[in-house]
Amino acid sequence: MIDFWKRFSRNRSAVFGLAILLTVLFVASIASLIYPEDPFRLAGKPLSGPGLNGFLLGSDSLGRDVASGIAHGAKTSLLIGLIATLAAVFIGIIFGAFSGYYGGRIDDLLMRVTEIFQTIPSFVFAILLVAIMKPSIESIVIAITVVSWPGVARLVRAEFLSLKNREFVQACHTLGMSDLRIMLREILPNCLSPIIVIGSLMVATAILIESGLAFLGLGDPNIMSWGFQIGAGRTMLRSAWWVCTFPGIAILITVLAINLVGEGLNDALNPRLRERQ
Amino acid sequence: MNRTNKILRYVSRRLLQGIPIILAIIVLNFFLLNLAEGDAVDVLAGEAGSATPEYMEQLRAKFGLDKPLPVQLLVYLKNVVTLDLGYSFRHDMPVSKLIVDRFWPTLLLMVSTIILAVGFGILLGLLAAVSLNTWKDAVITVFALITYATPLFWVGLMMIVVFSLNFGWFPTSGMENIAAFHEGFDRVKDIAHHLVLPTITLSLFYLALYTRMMRASMLEQYGLDYVVTARAKGLTERRITFVHVLRNALLPVVTMAGVQVGALIGGSVIVESVFAWPGLGMLAFESLFARDLNLLLGIFLLSSALVVAVNLIVDVIYSFLDPRIEIG
Amino acid sequence: MKIINLLSTAVLVTLLSLFGVAHAQKSGGTMVFLVQPEPPTMAGYVSTSGPIGLLAPKIYEGLFDYDTAGKMIPVLAESYEMSADGKTVTFKLRKGVSWHDGKPFTSADVQFSIMNVLKEVHPRGPNSFKEVSSIDTPDSHTAVFNLDNPAPYMMRAFSAYESPMVPKHHLEGQDLKGAKLGNNPVGTGPYKFVEWKKGQYIRLDKNEDYWGSDGPYLDKIVGRFVPDASTRTAAMENGEVLYAAYNAIPNIDAVRLKERDDIGVTTDGYSMINPMALIEFNTKEGPFVDAAVRRAISTAIDRQFMIDTIFFGYGKPATSALSSNFSATGLHAEMPNYPANGDIAAANKILDDAGYAKDGSGVRMKGTFDLIPYGEDWRRGGEYLKQVLGDIGIQVELRYEDVPTWLKRIYHNYDFEMNLNYFYQLSDPVLGVHRHYGTNMIRKGTHFVNSSRYSNPELDKLLRAGMTQPDATKRAAIYKDIQTILAEDMPVVNLFELEFLTVYNTKLKDAYGSAMGAYASFGNAWLDD
Amino acid sequence: MTKHLLSINDLSILLPEGADRKCAIDNVNLTLNAGETLCVVGESGSGKSLTAKAIMGLLPAPHVRVGSGSINFGSEDLVQVSYERLRQIRGSEISMIFQEPMTALNPVMSIGNQIDEIFRYHASMTKLERQGKAIQLLKDVKLPDPKQIMNTFPHELSGGQRQRAMIAMALALSPKILIADEPTTALDVTTQAQILKLIKEMQSTYNSGVLFITHDFGVVADIADRVAVMQEGLIVESGKVDQVLNQPNHPYTKSLIAAVPSLTPRAPRKKSDESVIEVKKLNKVFGGEKSFFGFGKSKRIVNAVQNVSLDLFQGETLGIVGESGSGKSTLARCIIRLMDYDDGDVSIDGTNISKMGRAEMRPVRAKMQMVFQDPFASLNPRIKIGNIIAQGPLIQGKSKSEAEARARELLSVVGLDSKSYDRYPHEFSGGQRQRIGIARALALKPEVLVADEPVSALDVSIQAQILKLLDDIRIQMNLSMIFITHDLRVAAQVCDRIVVMRYGEIVEVGTTSEIFSNPTHDYSKELLNAVPGKGWEKENKNSASL
């Protein structure tokens with residue numbers, strides 16, 4: 001762990017990214033403390049500019065506090081990103097692991113299913129899923145999961161394919177270990193690094209997808225998220241720039257931070273790179 | 001030629017493999033869409049203002065929406081087998097005509113975006129890798145990260161504000177100047193003029209991916225043994241970079257481009273919406289909310305066929321770029 | 001026999017007076033305007049869908065048009081005569097009018113359009129022409145409508161948008177919905193259909209053989225589809241489009257653009273539409289079956305705030321079930337329970353009195369609030385209303401679904417509790433308001449009718465009386481009673497009268513002089529450069 | 001002092017900070033003359049490869065760089081010359097060949113183009129001339145059908161052919177010096193013999209000086225004129241080949257030479273007649289399966305094991321020898337059911353296990369354990385050593401404490417500190433890891449140990465230790481062993497009987513001494529003849545044996 005941190009911290013931009021990400025997490029966790037009111041609450045004069053009428057980042061057309069929305073939205077956006085990613089990783093691991101480990105017909109079948117989901121234009125499919133399930137946090141998470149897991153499945157499959165023939169796995173076979181245990185205890189821990197890296201980037205992508213869906217009017221109307229703020233403020237971009245600019249910046253720096261951290265993780269976890277340094 | 005033959009056989013086999021996938025996509029979407037509340041008749045009647053239930057039933061019968069689902073599906077599949085994509089409930093037109101009209105703008109936007117994104121991505125990635133750990137590398141990396149992390153519609157709207165309104169260089173939206181109705185070469189120029197902003201907007205996102213990938217790929221290749229051999233042979237760094245490393249580094253980028261094309265077809269909904277570009281993404285979006293089942297299935301059919309085709313083309317190109325990959 | 005004869009000279013005088021000084025019209029040019037969203041077809045005779053309304057009346061014409069004062073302007077009919085009992089109306093048709101394909105326009109077309117098309121498949125036609133039992137065509141330019149009962153409201157439904165005249169020879173014997181005409185319209189209007197590039201534009205060219213003595217002046221008019229609102233504004237600013245009606249430009253941008261010299265903003269042209277924002281309640285089941293709760297909600301809402309923040313000042317707080325635009329005909333009356341600025345305390349008192357106590361967290365009841373899926377403004381409205389409802393102890397979840405799901409939920413499954421919506425009250429309450437309250441308008445599966453399933457025999461009686469009463473004073477009394485009952489029962493809480501905005505480039509002159517506004521023909525429009 | 005072709009004077013190469021030592025090589029002095037072959041020999045990490053790279057200016061800058069000293073080539077010091085001059089020298093005056101020709105060649109460029117480049121950058125010749133010269137070169141290195149080879153890509157050639165192509169490239173401009181960095185390590189023994197012969201021939205044709213880096217004393221004996229022995233960055237001994245190999249001075253040299261297994265078979269041991277494992281007509285085919293939807297391409301069919309029958313007798317070590325692709329590893333994996341085979345029978349202690357299901361197999365597994373080749377790949381990097389060893393007993397139903405006790409006991413059996421129990425594999429060296437692998441195999445108290453090339457990835461001194469350990473435990477635990485190796489020297493020292501395999505078939509079976517002294521099959525003879533250092537062996541019948 002210390003070793004890992006040493007390698008990670010060698011990448012200065014990754015540490016910078018981590019610092020931003022921790023700040024965002026911190027803001028998300030204390031949102032209810034600094035803005036105890038419902039972020040949808042009408043808090044003052046509509047369309048006040050940043051710094052005016054007691055609004056740090058201005059207010060929107062109904063007089064809601066943009067800063068409060070960003071703080072509360074951070075929780076939602078990160079949660080959407082995190083849950084969707086975990087779900088996608090979970091499904092991807094199941095598909096990829098069985099496919100790569102057993103090969104043959106199971107592989108064929110699972111990979112065909114994966115291909116189906118890779119062939120469908122993903123964003124349109126996400127829209128379709130949200131539309132028929134009704135826009136809500138749950139349906140957005142499900143839609144993002146459904147369009148993101150094939151990438152993980154392919155990655156895990158490739159890892160399993162190469163790892164299953166490693167000698168340490170064969171040694172487990174000679175010990176009479178069960179397949180499930182080999183998959184879970186022996187192989188899976190060895191492909192965690194690339195999964196963590198792809199997963200960290202998927203969190204970023206999920207946040208972007210959520211904002212895209214919100215842009216098209218498919219956000220959850222009851223829960224404050226950055227996507228919601230942008231969707232609600234985008235027509236005012238020219239007249240009240242702050243309403244959707246600040247949430248946009250929040251997305252930008254969070255996605256940026258997650259990417260930097262992801263790259264740092266990649267550098268720190270990728271043994272090939274490590275050897276070359 | 002033996003190779004040509006082999007490729008032809010490979011292509012036809014891959015196309016055959018694609019068919020069950022495309023069929024599965026159609027069946028999946030068919031049932032998904034039928035899970036949704038409301039149908040095309042509801043939407044048409046809703047838009048019309050009002051319609052009697054009897055009239056709506058007539059319409060349903062006319063569209064075949066009164067039949068049981070499996071029958072509807074079978075009828076649809078039967079038509080698809082005969083290359084008949086059916087009739088759009090909403091537009092009162094054959095689906096194939098509607099789709100073909102939107103296909104060319106989609107393809108135009110897609111191809112120009114891919115060329116721009118891949119081209120510049122390769123260029124920037126190469127530049128960053130060659131000037132590793134210098135300010136150039138840093139600037140390119142930051143640029144790539146920011147373009148990736150900025151929401152697409154934001155970039156689009158800003159492009160319009162800056163380049164259309166403030167500078168007046170480009171039209172805000174649309175595919176051609178419809179006040180003028182240009183003909184011939186003027187029309188080509190006009191369309192190209194309209195294409196600039198949407199292409200830049202859409203490619204900025206993908207540009208970032210290619211830049212980062214190309215950079216990583218170049219660095220990885222630089223560490224391989226054959227580069228040492230090339231140096232030992234007394235080749236110049238220029239040749240090593242541009243002839244040896246570049247070609248090898250391109251391989252994963254090409255693969256990525258193939259995967260991205262699929263995402264591009266659907267992913268351009270936002271750009272099509274912002275720039276009023278008449279592409280398939282918006283058509284799909286609209287037909288989804290209109291429950292125009294035939295049209296939406298037709299779009300899914302075409303775009304997945306397109307993805308299959310593009311992936312195939314990429315694989316064939318790949319086999320030319322990388323002699324190790326044997327086709328057939 | 002009362003004869004109303006409208007001389008064309010008189011019409012011209014009216015028209016000129018409308019525009020003040022007569023301009024020297026210039027010919028030529030292309031007028032690009034925004035159509036949002038893209039229409040499904042251009043069959044204005046089967047659909048009153050807004051975007052069709054923007055395009056079809058340029059191609060098709062009605063028997064009459066209406067000026068902004070509500071007076072009839074002869075179009076395809078030159079005059080009409082109504083019998084004393086009001087049961088026979090004879091129309092003299094204009095001579096020398098031909099369809100865009102060259103065939104002459106005759107009384108047979110009128111007969112076919114009314115009896116076979118509008119009465120059959122038009123959404124409002126069956127209502128407007130309910131009393132018409134047959135149409136005689138003594139000669140090719142005379143059409144005699146035989147009515148079962150007098151129908152004064154019918155005379156307000158002859159515009160090109162409400163009741164377009166369609167070519168019999170293109171539709172006879174065909175399935176009206178699927179006919180080729182839907183995508184290739186052939187009318188008598190000032191502009192001919194040329195081309196429809198799906199996803200981009202519809203192009204109409206000047207009808208060189210138009211019957212009118214002056215106009216059309218424009219060479220082409222093009223309806224353009226731009227899905228994104230910000231882009232629409234940009235296109236307007238850039239001069240790429242010259243005209244945008246029905247809030248195609250968001251109000252916030254319109255307010256900004258108004259300051260520019262080259263752009264004008266107007267609320268004219270919507271008097272025949274009369275849109276009203278409202279909340280429908282499920283009066284049969286769920287938390288809002290008690291009228292007291294509904295009255296409390298109506299009392300609590302700050303209507304002026306919604307107008308100011310969501311529509312940037314455009315709109316008028318509702319004061320009864322009828323729009324204040326009906327004041328002209330004396331039908332509108334102000335009612336209690338409609339405070340413009342809301343009265344939370346009063347609303348809370350109503351609920352307290354009705355026995356709805358707040359629980360520990362201040363909640364009296366919970367519910368779900370559906371929002372009309374027609375754009376962001378309505379979501380904002382819902383978000384505001386959620387807060388207000390919270391203030392009076394009603395905790396609601398917002399639900400925002402897509403159009404088909406929403407339609408099915410509200411008008412077919414009745415699976416809702418309260419629903420934010422807006423209705424066109426149109427030119428007469430019979431056309432636009434009755435459908436919302438009458439017991440006979442509880443029609444499962446029919447959209448935009450009485451989804452509250454409110455049923456009150458006393459009101460039904462009054463509605464019937466209001467429909468046929470020709471005397472204005474008596475009619476006003478009937479509608480006052482109607483409004484009183486509705487303010488008490490409150491099956492629907494009217495919020496505010498929407499004022500749609502039209503944003504236009506000042507280059508564009510004389511775009512319309514009709515009460516139909518953007519749904520008119522643009523026959524006199526011209527470009528000044 | 002005669003003018004040397006190349007003289008390295010007091011050369012030191014610095015390692016980046018944090019490395020395990022300061023200098024990769026320290027004060028190295030070497031000379032090379034025209035027409036001479038200088039072998040630099042040493043174990044991994046001795047700095048021999050970096051010395052070679054330093055001459056070419058190919059050190060992985062900026063981390064590793066020359067600290068001091070000079071490399072004099074003609075009148076120039078290669079440490080000081082400009083980059084441009086160095087580039088001119090590379091490939092034309094000094095050229096280099098590498099260990100792994102597959103990765104050393106650009107995979108996406110044809111052989112012809114890769115040769116052509118050298119001419120383009122170092123000589124002014126027309127395209128036609130260049131082409132003719134390249135074809136001539138390919139002919140010189142005895143590649144079949146040179147014209148055809150010009151258009152092929154590296155992956156289309158065999159390992160030996162690739163190395164020939166590399167040599168052709170290196171010799172394109174008749175360099176004064178050829179640096180060969182372990183050029184035959186990745187090759188089969190018969191191919192290795194051919195390549196060594198080729199290098200010799202080329203050297204005499206061009207009168208080049210050859211700097212040959214290797215770890216294999218057999219190869220040294222076959223090719224060197226002079227030898228320099230390196231240990232941890234220092235040259236500990238150098239001199240004429242006969243002198244260094246036959247009368248080494250330095251203790252390190254002595255120990256290295258002593259560790260080289262002798263080709264003279266060990267003394268035969270008492271043989272038991274009781275068969276532990278019986279293999280009958282085993283067949284294994286790779287490829288040929290159809291994919292699920294029947295659309296997949298039918299893969300190329302390889303008969304990995306064909307009709308193999310053999311017996312393993314109680315207490316003996318049965319060697320399976322053969323070159324890469326002979327099917328020896330596949331056979332071993334089939335025997336212990338790591339792979340399913342197509343037909344044939346395998347019996348252990350008289351019980352036929354070929355039809356057994358997973359559950360039935362579990363108790364049988366304990367009887368047969370395996371030691372793997374790659375000490376880095378055979379231990380799960382995420383699991384502690386103790387757990388790796390204890391895993392087997394746990395799975396076979398032992399209690400946690402029993403398993404732990406067994407693991408600790410085994411650690412000491414294989415000569416590891418008991419503190420190792422809680423450490424992870426990456427904290428151990430290759431030899432130590434191989435010991436752990438052996439401990440894991442022994443944890444189940446097997447009757448049969450299958451060792452798949454257990455020492456081929458190890459340095460020669462470590463190799464000797466591991467072989468000794470295996471021998472010890474074999475006796476101690478009364479094991480029967482199947483020993484797979486490509487190295488006949490190792491086989492001679494370990495095996496009681498030997499099976500020679502080629503193309504999936506057994507070509508010859510016999511006792512070790514029979515096979516070595518009197519091979520009957522041509523292929524066995526060929527293999528034996530190709531063993532490097534055979535001549536040296538003959539002169540030193542009495543050299544160190546285990």
Side-chain angles (χ1 to χ4, degrees), chain B residues 36-40 42-53 55-59 62 87 89-93 97-98 101-102 105 153 156-157 160-161 164-165 168 171-181 272-279 282-283 285-286 288-292, chain C residues 30-32 37-41 43 46-50 52 120-124 126 175 177-179 182-183 197-201 203 220 222 224-228 230-232 234-235 237-238 240 373 401-409 411-413 424 435 443-449:
Chain B
E37 280 284 350
D39 59 18
D42 285 315
V43 179
L44 283 172
E47 278 181 339
S50 213
T52 61
Y55 179 61
M56 286 166 72
E57 280 318 307
Q58 271 176 33
L59 271 186
K62 176 175 178 250
Y87 222 67
F89 305 147
R90 180 181 174 75
H91 296 271
D92 255 335
M93 277 170 87
K97 185 172 179 335
L98 277 168
D101 275 356
R102 296 293 191 94
F153 50 86
L157 293 177
I160 291 176
V161 170
S164 298
L165 296 180
T172 57
S173 54
M175 191 167 102
E176 43 189 318
N177 183 342
I178 53 178
F181 292 103
E272 284 173 21
S273 160
V274 169
F275 291 99
W277 189 263
M282 266 324 273
L283 188 64
F285 186 72
E286 286 162 1
L288 166 62
F289 292 107
R291 297 288 189 275
D292 197 342
Chain C
T30 300
M31 202 280 286
V32 183
E38 182 168 3
T41 68
V46 284
S47 173
T48 51
S49 164
I52 297 181
E120 292 297 321
V121 296
H122 190 270
R124 296 195 281 260
D175 167 24
K177 178 65 186 64
N183 277 320
K197 275 256 194 255
K198 291 273 179 185
Q200 296 189 64
Y201 59 84
R203 171 181 165 185
K220 288 191 270 279
V222 182
R224 219 183 125 181
F225 320 125
V226 179
D228 188 74
S230 308
T231 311
R232 290 197 290 270
E237 281 180 74
N238 230 17
E240 288 173 37
E401 295 168 323
D402 68 358
V403 177
T405 313
W406 176 76
L407 286 172
K408 200 94 188 176
R409 180 185 291 287
Y411 296 106
H412 190 271
N413 300 337
Y424 290 168
R435 55 181 168 147
R443 295 182 178 174
K444 191 177 166 80
T446 303
H447 304 136
F448 304 110
V449 289

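A note on names: the letters A, B, ... follow the listed sequences, proteins ahead of strands, and every chain is numbered from 1.
Judged by distance alone, with hydrogens and angles left aside, the side-chain atoms of C:Asn238 form no donor-acceptor pair with the main-chain N or O of B:Leu165 at under 3.5 Å. A donor-acceptor pair under 3.5 Å is absent between the side-chain atoms of B:Asp92 and the main chain of C:Asn183, judged by distance alone.
For B:Lys97, the NZ atom sits in a loose shell: 12 or fewer heavy atoms of surrounding residues, nucleotides or ligands are nearer than 6.0 Å.
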**Item:** side-chain contact (heavy atoms from CB on, under 4.5 Å) assessment of B:Met56 paired with C:His447
**Value:** CA-CA 11 Å; B:Met56 286 166 72; C:His447 304 136; 3.9 Å; yes
**Asked** Under the side-chain contact (heavy atoms from CB on, under 4.5 Å) criterion, do C:Arg203 and B:Ile178 qualify, and how do the steps go?
**Response** CA-CA 9 Å; C:Arg203 171 181 165 185; B:Ile178 53 178; over 6 Å; no
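For chain C, the nearby part of B:Met282 is the side chain; its heavy atoms alone come within less than 4.5 Å. With a 4.5 Å cut-off on non-hydrogen atoms, C:Tyr201 touches chain B through its side chain but not through its backbone. Looking at B:Phe89, the atoms closer than 4.5 Å to chain C (heavy atoms on both sides) all sit in the backbone: N, CA, C or O. For C:Lys220, the part lying under 4.5 angstrom from a heavy atom of chain B is the side chain only. Contacts between B:Leu98 and chain C at a heavy-atom distance below 4.5 Å involve the side chain alone, from C-beta outward. Contacts of C:Arg232 with chain B are absent, with no heavy-atom separation under 4.5 Å from either backbone or side chain. With a 4.5 angstrom heavy-atom cutoff, C:Val226 touches chain B via backbone and side-chain atoms both. Looking at B:Phe289, the atoms closer than 4.5 Å to chain C (heavy atoms on both sides) sit in the backbone and in the side chain alike. The parts of B:Arg90 that come within reach of chain C are both its backbone and its side chain, each placing non-hydrogen atoms under 4.5 angstrom from that chain.
Here C:Ser49 is the residue among C:Ser230, C:Ala43, C:Ser49 with the most heavy-atom pairs under 4.5 Å with chain B. The greatest number of non-hydrogen atom pairs below 4.5 Å with chain C, out of B:Val274, B:Val43, B:Ile160, is found for B:Val274. Heavy-atom pairs under 4.5 Å with chain C were tallied for B:Gly156, B:Pro171, B:Ala290, B:Ala36; the largest tally goes to B:Pro171. When each of B:Asn177, B:Asp101, B:Leu157 is scored by its heavy-atom pairs under 4.5 Å with chain C, the top score falls to B:Leu157. Contact tally against chain B (heavy-atom pairs below 4.5 Å) for C:Pro37, C:Pro40, C:Gly445: the top residue is C:Pro40. Contact count against chain B (heavy-atom pairs under 4.5 Å) is highest for C:Ala235 among C:Gly50, C:Gly182, C:Ala235.
Between C:Glu38 and B:Arg102 a salt bridge is recorded (basic side-chain N to carboxylate O distance below 4.0 Å). Remark: B:Lys62 engages C:Asp175 in a salt bridge, criterion side-chain N to carboxylate O under 4.0 Å. Salt bridge annotation for C:Arg224-C:Glu240: present, with a cationic side-chain nitrogen under 4.0 angstrom from a carboxylate oxygen.
Within the 4.5 Å cutoff, the side chain of C:His412 has no heavy atoms near those of the B:Glu37 side chain.
Ring geometry for C:Phe448 against C:Tyr411 counts as tilted: the plane angle lies between 30° and 60°, on a 0 to 90° scale.
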